[in-house]
Amino acid sequence: MASSSSSSSSAAVLLLLTLGVVALAEPVHFLDCGSAVGKVQVVEVIPCSVQPCKLHKGESYSVNVTFTSDVWSQNTTASVHGIILGVEIPFPIPEPDGCKSGITCPIEKGRTYNYLNKLPVKNQYPNMKLVVEWKLFDDKSNLLFCWKIPIEIV
Ligand SMILES: *[C@@H]1O[C@H](CO)[C@@H](O)[C@H](O)[C@H]1NC(C)=O
Ligand SMILES: *[C@@H]1O[C@H](CO)[C@@H](O)[C@H](O)[C@H]1NC(C)=O
(Lines give C-alpha, C1' and ligand atoms only; values in the text may rest on other atoms or scores of the structure.)
(Ligands and ions follow the chains in the order given, each with its own letter.)
Protein backbone atom coordinates (compact mmCIF):
# COMPACT_ATOMS: atom_id res chain seq x y z
CA MET A 1 0.00 0.00 0.00
CA ALA A 2 2.64 2.46 1.14
CA SER A 3 4.85 1.63 -1.83
CA SER A 4 2.01 2.02 -4.35
CA SER A 5 1.02 5.42 -2.97
CA SER A 6 4.64 6.63 -3.02
CA SER A 7 5.11 5.48 -6.60
CA SER A 8 1.94 7.26 -7.70
CA SER A 9 3.05 10.44 -5.97
CA SER A 10 6.46 10.27 -7.64
CA ALA A 11 4.64 9.76 -10.95
CA ALA A 12 2.67 12.94 -10.19
CA VAL A 13 5.89 14.82 -9.43
CA LEU A 14 7.43 13.54 -12.68
CA LEU A 15 4.34 14.67 -14.59
CA LEU A 16 4.53 18.12 -13.01
CA LEU A 17 8.23 18.39 -13.85
CA THR A 18 7.55 17.35 -17.46
CA LEU A 19 4.72 19.88 -17.81
CA GLY A 20 6.92 22.49 -16.19
CA VAL A 21 9.68 21.90 -18.75
CA VAL A 22 7.22 22.10 -21.65
CA ALA A 23 5.61 25.30 -20.39
CA LEU A 24 8.88 27.01 -19.48
CA ALA A 25 9.92 29.52 -22.09
CA GLU A 26 13.52 28.87 -23.04
CA PRO A 27 15.40 31.48 -25.07
CA VAL A 28 16.50 30.07 -28.40
CA HIS A 29 19.90 30.58 -30.00
CA PHE A 30 19.50 32.94 -32.94
CA LEU A 31 21.69 34.60 -35.54
CA ASP A 32 21.23 38.29 -36.16
CA CYS A 33 20.70 38.95 -39.88
CA GLY A 34 21.06 42.71 -40.01
CA SER A 35 19.02 44.43 -37.30
CA ALA A 36 19.86 48.01 -38.32
CA VAL A 37 17.70 50.26 -36.14
CA GLY A 38 17.07 47.93 -33.21
CA LYS A 39 18.74 45.32 -31.04
CA VAL A 40 17.36 41.84 -30.36
CA GLN A 41 17.69 40.80 -26.71
CA VAL A 42 15.80 37.50 -26.48
CA VAL A 43 13.95 35.23 -28.90
CA GLU A 44 11.56 32.68 -27.44
CA VAL A 45 9.69 29.98 -29.35
CA ILE A 46 7.07 28.23 -27.23
CA PRO A 47 7.08 25.27 -26.95
CA CYS A 48 10.60 24.35 -27.99
CA SER A 49 12.16 21.99 -25.47
CA VAL A 50 15.17 20.94 -27.59
CA GLN A 51 17.08 23.03 -30.10
CA PRO A 52 16.91 23.22 -33.04
CA CYS A 53 13.14 23.52 -32.40
CA LYS A 54 11.08 20.64 -33.75
CA LEU A 55 7.83 22.08 -35.07
CA HIS A 56 4.94 19.71 -35.51
CA LYS A 57 2.62 20.02 -38.49
CA GLY A 58 -0.84 21.28 -37.66
CA GLU A 59 0.42 23.11 -34.57
CA SER A 60 0.95 26.76 -33.89
CA TYR A 61 3.94 28.12 -32.00
CA SER A 62 4.22 31.31 -29.99
CA VAL A 63 7.07 33.66 -30.74
CA ASN A 64 8.18 36.30 -28.25
CA VAL A 65 10.96 38.65 -29.32
CA THR A 66 12.36 41.12 -26.82
CA PHE A 67 14.05 43.97 -28.67
CA THR A 68 15.04 47.58 -28.16
CA SER A 69 14.33 50.20 -30.82
CA ASP A 70 16.90 52.84 -31.78
CA VAL A 71 14.27 54.87 -33.64
CA TRP A 72 10.82 56.38 -33.42
CA SER A 73 8.44 54.68 -35.84
CA GLN A 74 4.78 55.27 -36.59
CA ASN A 75 4.15 51.68 -37.66
CA THR A 76 5.90 48.38 -38.14
CA THR A 77 5.49 45.39 -40.45
CA ALA A 78 6.78 41.83 -40.17
CA SER A 79 7.94 39.49 -42.90
CA VAL A 80 8.82 35.84 -42.37
CA HIS A 81 10.69 33.54 -44.72
CA GLY A 82 11.78 29.95 -44.72
CA ILE A 83 15.25 29.46 -46.17
CA ILE A 84 15.53 26.10 -47.91
CA LEU A 85 18.81 25.30 -49.67
CA GLY A 86 19.62 29.00 -49.77
CA VAL A 87 16.28 29.97 -51.31
CA GLU A 88 13.96 32.34 -49.41
CA ILE A 89 10.33 31.23 -49.46
CA PRO A 90 7.64 33.49 -47.94
CA PHE A 91 6.18 31.97 -44.80
CA PRO A 92 2.71 33.43 -44.23
CA ILE A 93 1.93 34.59 -40.71
CA PRO A 94 -1.61 35.47 -39.57
CA GLU A 95 -0.72 39.00 -38.42
CA PRO A 96 1.99 40.95 -40.28
CA ASP A 97 1.07 44.23 -38.51
CA GLY A 98 3.60 44.61 -35.69
CA CYS A 99 1.38 47.19 -33.97
CA LYS A 100 -1.14 44.36 -33.43
CA SER A 101 1.54 41.98 -32.16
CA GLY A 102 2.13 43.09 -28.60
CA ILE A 103 3.66 46.44 -29.58
CA THR A 104 2.00 49.76 -28.76
CA CYS A 105 2.60 52.13 -31.67
CA PRO A 106 4.16 54.53 -32.32
CA ILE A 107 7.40 52.82 -31.40
CA GLU A 108 9.58 55.03 -29.24
CA LYS A 109 13.31 55.41 -29.50
CA GLY A 110 15.23 53.63 -26.75
CA ARG A 111 12.27 51.57 -25.56
CA THR A 112 12.25 47.80 -25.19
CA TYR A 113 9.32 45.85 -26.60
CA ASN A 114 7.99 42.31 -26.58
CA TYR A 115 6.90 41.36 -30.07
CA LEU A 116 4.39 38.49 -29.77
CA ASN A 117 3.18 36.45 -32.69
CA LYS A 118 2.21 32.98 -33.84
CA LEU A 119 4.00 30.67 -36.24
CA PRO A 120 1.46 28.24 -37.68
CA VAL A 121 2.91 25.08 -39.23
CA LYS A 122 0.59 23.88 -41.98
CA ASN A 123 -0.20 20.20 -42.42
CA GLN A 124 0.90 20.26 -46.06
CA TYR A 125 4.48 21.31 -45.29
CA PRO A 126 6.96 18.49 -45.94
CA ASN A 127 9.19 17.06 -43.22
CA MET A 128 12.41 19.01 -43.46
CA LYS A 129 15.04 21.11 -41.81
CA LEU A 130 15.11 24.76 -42.69
CA VAL A 131 16.00 28.17 -41.37
CA VAL A 132 13.28 30.60 -40.32
CA GLU A 133 14.11 34.25 -40.86
CA TRP A 134 11.93 36.83 -39.13
CA LYS A 135 12.14 40.52 -40.02
CA LEU A 136 10.41 43.52 -38.53
CA PHE A 137 10.54 46.76 -40.52
CA ASP A 138 10.02 50.30 -39.25
CA ASP A 139 8.05 52.98 -41.14
CA LYS A 140 11.10 53.74 -43.35
CA SER A 141 11.60 50.06 -44.28
CA ASN A 142 14.66 49.77 -42.04
CA LEU A 143 15.09 46.62 -40.00
CA LEU A 144 14.09 46.91 -36.35
CA PHE A 145 15.14 43.31 -36.15
CA CYS A 146 16.17 40.39 -38.28
CA TRP A 147 16.98 37.08 -36.65
CA LYS A 148 17.12 33.53 -37.89
CA ILE A 149 16.92 30.13 -36.28
CA PRO A 150 17.22 26.61 -37.62
CA ILE A 151 14.06 24.51 -37.21
CA GLU A 152 12.87 21.07 -38.16
CA ILE A 153 9.34 20.37 -39.39
CA VAL A 154 8.17 16.95 -38.21
C1 LIG B 1 8.34 37.61 -23.46
O2 LIG B 1 9.71 37.43 -23.10
C3 LIG B 1 10.15 38.30 -22.08
C4 LIG B 1 11.65 38.07 -21.89
O5 LIG B 1 11.94 36.71 -21.68
C6 LIG B 1 9.34 38.05 -20.81
O7 LIG B 1 9.75 38.94 -19.79
C8 LIG B 1 7.86 38.25 -21.11
O9 LIG B 1 7.10 37.95 -19.98
C10 LIG B 1 7.43 37.37 -22.27
N11 LIG B 1 6.05 37.68 -22.59
C12 LIG B 1 5.15 36.73 -22.86
C13 LIG B 1 3.77 37.19 -23.14
O14 LIG B 1 5.43 35.53 -22.84
C1 LIG C 1 3.82 53.45 -42.18
O2 LIG C 1 4.19 54.79 -42.02
C3 LIG C 1 4.80 55.35 -43.19
C4 LIG C 1 5.33 56.73 -42.83
O5 LIG C 1 4.33 57.52 -42.25
C6 LIG C 1 3.79 55.35 -44.33
O7 LIG C 1 4.38 55.87 -45.49
C8 LIG C 1 3.34 53.91 -44.59
O9 LIG C 1 2.33 53.86 -45.56
C10 LIG C 1 2.82 53.25 -43.29
N11 LIG C 1 2.62 51.84 -43.55
C12 LIG C 1 1.57 51.18 -43.08
C13 LIG C 1 1.56 49.71 -43.36
O14 LIG C 1 0.67 51.72 -42.44
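Order of appearance sets the numbers: ligands from 1, and atoms from 1 within every ligand.
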Is there a donor-acceptor pair closer than 3.5 Å between any side-chain N or O of [X] and the backbone N or O of [Y]?
| X | Y | answer |
| --- | --- | --- |
| Ser35 | Cys146 | yes |
| Ser141 | Phe137 | no |
| Gln51 | Pro27 | yes |

Should Asp138 and Ile107 count as side-chain neighbours, where that means a heavy-atom distance under 4.5 Å?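 The answer is no; the side chains never approach within 4.5 Å.
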Under 4.0 Å from a heavy atom of Asn64: give me the atoms of ligand 1 that qualify, with their elements.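 Every atom of ligand 1 under 4.0 Å from some heavy atom of Asn64: 1 (C), 2 (O), 3 (C), 8 (C), 10 (C), 11 (N), 12 (C), 14 (O).
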State the atoms of ligand 1, each with its element, that fall below the 4.0 Å cut-off from a heavy-atom position in Thr66.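 Ligand 1 atoms under the 4.0 Å threshold to Thr66: 2 (O), 3 (C), 4 (C).
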So Trp134 and Tyr115, would you call those rings parallel, tilted or perpendicular, with 30° and 60° as cut-offs?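 Perpendicular: the ring planes of Trp134 and Tyr115 meet at over 60°.
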Any chance the side chains of Ser69 and Glu108 put a donor and an acceptor closer than 3.5 Å?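 Per modelled atom types, Ser69 and Glu108 side chains form no pair under 3.5 Å.
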Glu44, portion touching ligand 1 at heavy-atom distance under 4.0 Å: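 Side chain only.
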For the rings on Tyr125 and Phe91, is their centre-to-centre separation under 6.0 Å?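 Yes: the rings meet the under 6.0 Å criterion.
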Would you mind listing each N/O atom of ligand 2 next to any protein N/O under 3.5 Å, plus the distance?
{"unit_1": "ligand 2", "atom_1": "2 (O)", "unit_2": "Asn75", "atom_2": "OD1", "d": "3.4"}
{"unit_1": "ligand 2", "atom_1": "2 (O)", "unit_2": "Asn75", "atom_2": "ND2", "d": "2.4"}
{"unit_1": "ligand 2", "atom_1": "5 (O)", "unit_2": "Gln74", "atom_2": "OE1", "d": "3.2"}
{"unit_1": "ligand 2", "atom_1": "11 (N)", "unit_2": "Asn75", "atom_2": "ND2", "d": "2.9"}
{"unit_1": "ligand 2", "atom_1": "14 (O)", "unit_2": "Asn75", "atom_2": "ND2", "d": "3.1"}

